[in-house]
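Okay, structure first, notes after.
Below, read A as the first sequence line, B as the second, and so on, with proteins coming before strands; counting in each chain starts at 1. In what follows, every heavy atom counts, from backbone to side chain, and hydrogens, waters and symmetry copies are set aside. Keep in mind the model is a prediction, meaning the values are calculated, not measured.
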Amino acid sequence: MATTPVPGGQVGRSLPRLEARDKVTGRAEYAHTMRLPGMLYGKIFRSTVPHGRLIGIDTAAARAMPGVHGVYAGEDVRKVIPDPYYGPAFHDQPILALDKVRFVGEPVAVVVASDPHVAEEAVALIAATYEELPAVFDEVAAMSPAVLVHDELKPAGTFADLKHLKGRKNTNVARDFHLRLGDVDKAFAEAAAVFEHEFRTQKVLHVPLEPFAAIADASDNRLTVYSGTQGPSFVRSELARLLGWPENRVRVKVPCLGGGFGAKLYIKLEALAAALSMLARRPVKLALSMEEQFYMITRHPTTCRIKSGVDKNGRVIARKCEVFWNGGAYADIGPRVTQKSGFTAPGPYDIANVAIDSYALYTNLTPAGALRGFGVPQLVFAYESHTDMVARALKIDPVKFRRDNLLRAGRPQATGTVLKDAATDAVLDRLAQCIDWGKPFDRGSGPIRRGRGLALGIKAVISPTTSVAAINVAADGSCTLYCGTVDMGQGSDTAMAQIAGEVLNIAAQDIAVTPRDTDITPYDMGTLGSRSLFHMGHAVRLAALDAKEKLAAMAREVGEPDGSNTPVAELFRKKYGMQAGNVIGAGTYKPDYTPPDSKSGQTPNVTPFWMVAGTAVEVEVDCETGHVRIVKLVNVADCGRAINPRIVETQLSGGSLMQLGFTMFEKMNIEGGQVTNASLADYKIPGMLDVPATIENVTVENRQENGPFGAKGVGEVATFGVSPAIANAIEDAVGVRVTVLPLNPEAVLRALRVKAGSPLDSE
Amino acid sequence: MTTARTIAFTLNGASVGADVKPHENLVELLQAQFGLTGARESCGQGMCGCCTVLVNGRAVSGCLYLASFADGAEVTTVEGLASGDALDPVQDAFIETAAFQCGYCTPGFILMAKQLLDEHPDPDDSMIRHYLSGNLCRCASYPQIVEAVRSAARRRLRRPSA
Ligand code: FES
Ligand code: FES
C-alpha cells in the first residue's frame, strides 16, 4: 500500500487511536482471554497467615483429584530455577514461598489442570501448616527491628546506589535516602514561626479491569511468554537471569493491556508461569481473579511528617520532610520510589534550607510498587495540605503564600538541579483563575457549606533510562515502527506514529506499529513514570531521521536531483530494478544524568524533565453526614507541546478521576494482615455517578526544549493535586482539616464533631 | 466434573449449538467454543459490566449468567454489532469521542449504550449517567463515554434505520 503524503504536520493532531476499531468491535486481544493449543491452567494456593515459617504442605488430595495435571510448591520450582528469587531492585521475592511466608495471599503452591474449574477445586484441597511469627504492618513501627520481615537485604545489583545495602541485617529499611541543603537547624532557629504536621495515606491498588494474566510456553531451549506487561524488556532479561539463559532464548509477547497504571511492571506472574510450563511441559496460563489482584501489588501507604520554618515576611526558609513508605513484604520498585520521588518531598517551593529523610520499609502486607505517580501523589497530599495549613495559620491567602514561595524555572530545586521548562507560575495562575480564586461565591447555608481549594505538584521523570526504536521502510514506501513502549490505553502507539509521521511526512494512521515482541521490538526500559513520550519519542524521532537520511542517500545514489519529490517506491525500483529491499532506521535515546551525592543528595542533573500540574476544586460539605460532593474539578497541566491534544485531555481527565477514588473512598481494609474487602463489591472504585458535575482539563502549552517536538509525558500528572485540593476545599468550607486519606464521610464527620466539641466514639 | 448438555441458540444471527457444563457461564462458553472475547471477565460478580452480552435483547452479566440458560435464546455480543465494514453508530461515536483508553470495558459500555438508545432515543446526560452506572471503567473515560452516547443518539436520529 502506498502511503499518502500529507501537507499538514502530524504532531498536534487529535487523531483517533490507531487501534480504536479493534477496541470497539471486541477484537482487541488481551492476555486474560488468550488461549494456546494444549494449554493448561494454573490456580494459586495462597498463604493465610501474614508471617510464618512454612512447616509443611499437604498436596496429596489435590494431586489425586481427577483432571489434575500436577501440583507444585516452592521446592519444585527449584528443580527448574535453582535460585528462584526475583525483583527489579532486590532479589527478595521467591517465585513460590520457600522457608517463610511474608503476607496473606502470598503464593505457596499451584495446581495445574486442563480445566480451570478443576484446578480451582483442587486448590481447596491443599493444606499448609505454618509456625506463625509476629508480624509488622505499620510503616513507622517497621522502623524498629522488633519484627524482621527479611533476615538479610539482597539488592539486585542493577542499581549502583543500592549496592551498599548488600547483606545488611537486623533491619526492615530496604532503602534510606537523605538530602541536605543549606543549614536546616540554623534556619529553624531563626524562623519567626515553625509548623509541623503529619499526614497519612492508605493502602489502595490499581485495579486494572483486566486482571493480571500470563501464559508461558517452554520447550527445551526456548521460552515464550505472553503477558500483559508494561515492561517486556525487563521481563525478558529477568527470566533469562533466573534461567541462566542468554536473552535470545526468551521471548516476551505483549497483547493489549486492559489497564496497567504501574501494576503490570517488572516480574509479576511471568516467572511463576515459566516455572510451571517447564515443570508441566505444556503451555500454562495463569489468569488472576479480581480478588487475587489484592495480593499482587498496591500503592505505598505513607506516613509523611513535614516541618516548615517561615520568616516574618511569609517566606519558607526551612523545611524538613520525613517520609516512611510502607513497601509490604517484597521491595518491588519501592527503593526507587523512596529516592526518585523522595527528593521532590519539599514540593514546588524555593526553600534555601531543606532536609529530607525517606525510608522504604518492609512490612507483612501485599507488596507496594508504582501506581500512577511513583509516590508523588502521596507526597503532594502532604506538602500541599501543609502549605494551606501554614498559610491559614499565618492568615495569608493560600494562593498568595504559594506565589511568594514558588519555585520558578531557572532556580535550583532541593537537589540543586535547576528547574527548566516547568511552568509552575502559569499552572498556579490558571488554577486560581479557573476556580475564580478570591472572588465571592455562595458559601451555602444550613448544613450544606461550600469551599474551594487548590494544590499543585511537581515530579521529576526517573532517570537515567534508555529507549531504542527502529523503523522499517518497505519497498512500496510503507513504514513499520518497532518500539517497546506498551500501549496500555495511554495512546502511545498513536503518539509514536505521529512522531514518526512528522519526520517522514507520512500520515500517522498509515504507519503500522508492531505489537510488542522482544524477538522483534528493541529494548525499552519500561512503560512507566510518564517517561515514554519523552524517551521513546526521541528514539522514534531519531529512528525516523535515520531512515530519512538513508532514503536521501538512496535518492542521490540513483541519480535523483537534491530535493526531488520522487516517491519512495520509485527510489527502491530504481535501485533494485523491482519492488525489493528495505531501509531500516534506528534510534537510541538516553539522557544525561549525574547521580546524587550519597550524603547530601545534591546533583546538578537529576532529571531530563520536570512535570508540573495541579487541581482546583469547589466542594459541598454536608455537615450532618460528612458527605463531600465535588461541584467542580479543574486540572491544569504543563504538558509541553501536546502531540495529540485529545489523548492528553483523556489522560488528564482519567488520571484525576482515578485519584478522586483514592481520595474519597478507596481503601484496602486490613485486619491482622487479612484484606477484608478484596472484591469490587466491597472495594469501590469511581463509577459514572462519582464524576463531578463540572470537570475541566486545561493545558498550559510550554515547549519542553529538549523534548521530542517540545513534548513531555502527562500520564500521571493529573493525579498530583487532587487529594490535597479537596482536603483544602473541605477546610475552606467547614473549617476542619483531615490529614489522613481517604476523605470519606466518616473521616469528615469525625473531624466536624471534634470541632463542635462532641466527638464520635472511636471505632 | 458433571455431565455436559447440548444447547442450541442464535449467536449474532447464526444458529449454533454447544455442549455446556452445568457450572459454565456465558463468557466462558463464548470464549472457549466460539472464540469471541469481546465479553470478558473482570470482577466476576456482576459489578463491572465488562462481560455484558445481550440475551433476547436484554443486557446480562455474562459472568453470572449460566451458559445453559442461553438454550433457545437470541444472543448478541459486541462482535455482532457491525454489519460488514460499517460499524454500529454507537461504535462510531465511541471512536469519535475517544471514549476509551485500554478498551477492556468498552464492549460492555457499547452494548449498554445501545440498549439505552433502543429504549430512549434521545436521553439527557443524567439519564445516560444513571443508565450506565452499572458499568465501570478504571481508565475513567466517563466524561467521554457520556459524550459518545450523546453523539450516537444524534447519529441514530439522523439515520433512524440504524
Ligand atoms: S465480570 Fe461480569 S460484571 Fe464484572
Ligand atoms: S477504557 Fe480502560 S477500563 Fe475502560
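Heavy-atom neighbours of H120(B) NE2 from other residues, nucleotides or ligands within 6.0 Å: above the threshold of 12. Heavy atoms from other residues, nucleotides or ligands lying under 6.0 Å from CZ of F69(B) number 12 at most. For R27(A), the CZ atom counts as loosely surrounded, since its 6.0 Å shell holds 12 or fewer non-hydrogen atoms of other residues, nucleotides or ligands.
For A32(B), the parts lying near chain A are the backbone and the side chain together; criterion is any non-hydrogen pair under 4.5 Å. Looking at I685(A), the atoms closer than 4.5 Å to chain B (heavy atoms on both sides) sit in the backbone and in the side chain alike. With a threshold of 4.5 angstrom between heavy atoms, T97(B) approaches chain A through its backbone and through its side chain. In this structure, the portion of A28(A) lying under 4.5 Å from any heavy atom of chain B is its backbone and not its side chain.
No side-chain heavy atom of T37(B) sits under 4.5 Å from any side-chain heavy atom of E29(A). By the 4.5 Å heavy-atom criterion applied to side chains, Y683(A) and M47(B) are not counted as neighbours. Considering only heavy atoms from C-beta on, P16(A) stays 4.5 Å or farther from E96(B) through its side chain. Contact annotation: the side chain of E210(A) never approaches that of C102(B) to less than 4.5 Å [non-hydrogen atoms, C-beta and beyond]. In this structure the side chain of Q91(B) never reaches within 4.5 angstrom of the side chain of R21(A), judged on heavy atoms. Contact annotation: the side chain of D690(A) never approaches that of Y142(B) to less than 4.5 Å [non-hydrogen atoms, C-beta and beyond]. Looking at heavy atoms from C-beta onward, E24(B) lies out of side-chain contact with H117(A) at the 4.5 angstrom threshold.
Formation of a donor-acceptor pair under 3.5 Å by the R138(B) side chain with backbone atoms of H206(A) is found in this model. Using modelled atom types, no side-chain atom of K23(A) and backbone atom of I95(B) make a donor-acceptor pair closer than 3.5 Å.
Put simply, CD on Q101(B) and CZ on F261(A) are 7.5 Å apart, with the number rounded to the nearest 0.5 Å. Separating the SG atom in C50(B) from the OH atom in Y30(A) is a distance of 9.5 Å, to the nearest 0.5 Å. In this structure, OG1 on T25(A) lies 8.5 Å from CD1 on I110(B), to the nearest 0.5 angstrom. Taking CE of M290(A) as the reference point, atom SG of C63(B) lies at 10.5 Å (rounded to 0.5 Å). The line from SG of C43(B) to CD of Q293(A) is 11.0 Å long, rounded to the nearest 0.5 Å. D125(B) CG to M688(A) CE: the interatomic distance, rounded to the nearest 0.5 Å, is 9.5 Å.
What you find for L209(A) and Y104(B) is that their closest heavy atoms are O-CE2, 3.2 Å. Of all heavy-atom pairs spanning R40(B) and T33(A), the tightest one is CB-CG2, 4.0 Å. Between L136(B) and P686(A) the shortest heavy-atom distance is CD2-O, 3.8 Å. Taking all atoms of both residues into account, the shortest heavy-atom contact from P107(B) to G26(A) is CG-CA, 4.2 Å. When all heavy atoms of R35(A) and Q31(B) are compared, the pair lying nearest together is NH2-CB, 3.6 Å.
Annotation: maximal heavy-atom pairing with chain B below 4.5 Å, among M488(A), R17(A), M658(A), occurs at R17(A). The residue among S133(B), S141(B), G44(B) with the most heavy atom pairs within less than 4.5 Å of chain A is S133(B). With chain B as partner, the option from P211(A), A681(A), G259(A) having the largest number of non-hydrogen pairs under 4.5 angstrom is A681(A).
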Item to check | Residues Q144(B), T650(A); criterion side chain to side chain donor-acceptor pair (under 3.5 Å); working and verdict | outcome: CA-CA 8 Å; Q144(B) 296 79 21; T650(A) 58; 5.8 Å; no

